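Beneath this line is the structure, given in structure tokens, with notes to follow.
Not measured: the values here are computed from a predicted model.
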Amino acid sequence: MDDRTVRLRRMTPAEYETVTERREEETARELAAFLPAELARERAREGTARFLPDGPDTAGHHLVVAEDDTGRVVGDAWIGPDPREAVGGAASAWLYDLHVRPDSRRRGFGSAILRAAEALTAREGWTALGLNVFGGNEAAIALYRANGYRVAAMSLRKDL
């Protein structure tokens, strides 16, 4: 369903709180495969505090919800400067999070949100959009590959 389109708008404070709670829970769940659960939750909270010190008002970051053509919220995204580049001089953006609501999945909205995020990135003057995805998130990996993303680096792990 590549013909789907979405409109991105800034999150409300209530949406920011809800999305942040969901994102931190999901991150902690993924990290718990490698860390004790409490440490995983702490790391997820630390990530939010580090990258969004002013919450939704953090300069250079776009915390947006995606609405379909009827105005229904179908997902959200967080786009900002690439954390791997020098502060203030980043040529590329980073997709910190992309989420499609469960009732909107497998209907083309993930690709539509990704295209809208890429358009926002280009309007901001960034020349590339990078991201990380947990290795076990097959649906997200398939989404990014289907939209032209390729592996730029890979981190592997083996528990001993």
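Aromatic ring orientation, H62 versus W126: perpendicular (interplanar angle above 60°, classes split at 30° and 60°). Y96 and F51 have tilted rings, their planes meeting at an angle from 30° to 60° on a 0 to 90° scale.
To the nearest 0.5 Å, atom OG1 of residue T48 and atom CZ of residue R50 are 12.0 Å apart. Going from atom CG of L131 over to atom CH2 of W78 covers 13.5 Å, rounded to the nearest 0.5 Å. To the nearest 0.5 Å, atom CG of residue L31 and atom CZ of residue R41 are 11.5 Å apart. Of the inter-residue distances, the one linking D97 atom CG with L63 atom CG reads 9.0 Å to the nearest 0.5 angstrom. To the nearest 0.5 angstrom, T18 atom OG1 is 7.0 Å from E21 atom CD. One distance of note links OG1 of T58 with CG of L52; it measures 4.5 Å at 0.5 Å rounding.
There is no side-chain donor-acceptor pair under 3.5 Å between T20 and E17. With 3.5 Å as the limit, one finds no donor-acceptor pair spanning the side chains of S92 and R84.
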**OP:** Could you walk me through whether V73 and R101 pass side-chain contact (heavy atoms from CB on, under 4.5 Å), step by step?
**Re:** CA-CA 8 Å; V73 174; R101 292 194 173 183; 3.5 Å; yes
**OP:** Give the intermediate values and the outcome of side-chain contact (heavy atoms from CB on, under 4.5 Å) for residues V6 and V74.
**Re:** CA-CA 8 Å; V6 295; V74 296; 3.9 Å; yes
**OP:** Begin with the C-alpha distance, continue with both residues' side-chain angles, and end with the deciding distance and a verdict on salt bridge (charged side-chain N to carboxylate O under 4.0 Å, His left out) for R7 and E67.
**Re:** CA-CA 5 Å; R7 181 180 74 87; E67 297 176 334; 2.5 Å; yes
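Remark: the backbone N or O of E15 is paired with a side-chain donor or acceptor of T12 at under 3.5 angstrom. At least one donor-acceptor pair under 3.5 Å links the side chain of R107 to the backbone N or O of D103. Checking side-chain atoms of D68 against main-chain N and O of G71 turns up a donor-acceptor pair under 3.5 Å. N137 contributes no side-chain N or O that, together with a main-chain N or O of V133, makes up a donor-acceptor pair within less than 3.5 Å. Panel note: side chain R115, backbone R4; a donor-acceptor pair is recorded below 3.5 Å.
Counting non-hydrogen atoms of other residues, nucleotides and ligands closer than 6.0 Å to CZ of R145 gives a total of 12 or fewer.
Grouping the Ile, Leu, Val, Met, Phe, Trp and Tyr side chains by contacts below 4.5 angstrom, directly or via other members, places Y144 apart from W94. By the rule that hydrophobic residues join a cluster once side-chain heavy atoms approach within less than 4.5 Å of another member, L35 and F134 end up as members of one cluster.
Closest non-hydrogen pair, H61 versus G80, comes out as ND1-CA, 3.8 Å. Residue I141 comes nearest to G135 through the heavy atom pair CD1-O, 3.4 Å, listed as atom of the first residue, atom of the second, then distance. Pairing each heavy atom of A44 with each of E24, the nearest pair is CB-O, 3.5 Å. In terms of heavy-atom proximity, G110 sits nearest to V100 at CA-CG2, 3.6 Å. In plain terms, the two heavy atoms of F109 and R72 that are nearest each other are CE1-NH2, 4.0 Å. For I113 against H99, the heavy-atom pair with the smallest separation is CD1-O, 4.0 Å.
Counting heavy atoms from C-beta outward, Y16 and V65 have side chains that stay 4.5 Å or more apart. Counting only heavy atoms from C-beta outward, the side chains of L98 and L114 approach each other to under 4.5 Å.
Identified under the side chain to side chain donor-acceptor pair (under 3.5 Å) test for residues 25-35, with sequence neighbours left out: R22-E26.
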